[in-house]
Amino acid sequence: MKSVRTGTLLLAGSFVGVFAVLGLMTAWAQREYKSGIIWPEPAIVTPGATPSDPPSDAIILFNGKDLSQWHNGDKWEVKDGYAIVRGSDIVTKESFGDYQLHIEFATPEVVRGSGQGRGNSGVFLANRYEVQILDSYDNKTYFDGQCAAIYKQSPPMVNACRKPGEWQTYDIIFTAPRFDEQSPDVKVLTPGYVTVIHNGVVVHHHFELQGGTYYDRPAKYYEKHPVKQPIRLQNHGNPVKFRNIWLREIRPLEGKKPDTRKPE
Ligand code: MG
């Protein structure tokens, strides 16, 4: 009897031991990982009431009242909270590097012209990379020249245009190209990248710019330029309307690895 009881006790003891080891292993496996990187605390930003409204840290480029932030802004007509293209391009007085840009536009309600001649304008990032504005609602043209195209580089993935006269939105995320400042030639260190969301629809996802967007020559980085450049809105002879233009500069947080050297 004694040996049976000892055997039972040993068996029970083994089970307890096995479970204890399993428990320890599980606890070890579930230990929380932390990167250890020392991050600055992200700033608090109050979002706009809707995704179209500027967040608290946005730079307002046009709030419906005047185009005083733009060179040649006085050439365009401003009324009823929007601006209408007249006579010349307008260019921001300030320059920007990497940013998130919100812009609203409407092509003319009264449809005139066809192809590239209907509701043509454009948003020139860094003053030279055009996100096309065109009335592409039931209006055929070459695909890499239709609305929301990166002009002559890529059509939008889909045509998300609203009808002529209706307000439309672009939310553009732009990373400026970087050039080797020391090199006498145009040496691209990193190309520009563009993401475009048209009326809430992604139409370009981190598109790699092949260079400037030109009417009469292939895309290429023909010249180097500083990271910060102005934004230009195009006059193409069509009375396209704009409103609610704002921008947020993109500044990634910089984390630091902790100092692991032992104190002397
Ligand atoms: Mg254009």
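Start at 1 and go down the list; that is how both ligands and their atoms are numbered. Since we're looking at a predicted model, the values are computed, not measured.
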Would [X] and [Y] count as having a side-chain donor-acceptor pair, cut-off 3.5 Å?
X: Q116; Y: T141; value: yes
X: E104; Y: N244; value: yes
X: D53; Y: T50; value: yes

Can you give me every donor-acceptor pair (side chain of residues 191-209, partner residue at least two apart or in another chain, under 3.5 Å) with its distance?
{"unit_1": "T195", "atom_1": "OG1", "unit_2": "H206", "atom_2": "N", "d": "2.8"}
{"unit_1": "H198", "atom_1": "NE2", "unit_2": "Q168", "atom_2": "OE1", "d": "2.9"}
{"unit_1": "N199", "atom_1": "OD1", "unit_2": "T169", "atom_2": "N", "d": "2.8"}
{"unit_1": "N199", "atom_1": "ND2", "unit_2": "A160", "atom_2": "O", "d": "2.8"}
{"unit_1": "N199", "atom_1": "ND2", "unit_2": "Q168", "atom_2": "OE1", "d": "3.1"}
{"unit_1": "H204", "atom_1": "NE2", "unit_2": "A148", "atom_2": "O", "d": "2.7"}

With sequence neighbours excluded, residues passing ring-ring contact (aromatic ring centres under 6.0 Å, His included) with F143: none
Please give me the protein atoms (N, O or S only) lying under 2.8 Å from the Mg ion (ligand 1), ordered by chain and number. N120 OD1, S121 O, E130 OE2, Q132 OE1, Q234 OE1
Per the salt bridge (charged side-chain N to carboxylate O under 4.0 Å, His left out) rule, what does the pair list look like for residues 121-133, sequence neighbours excluded? R128-E223
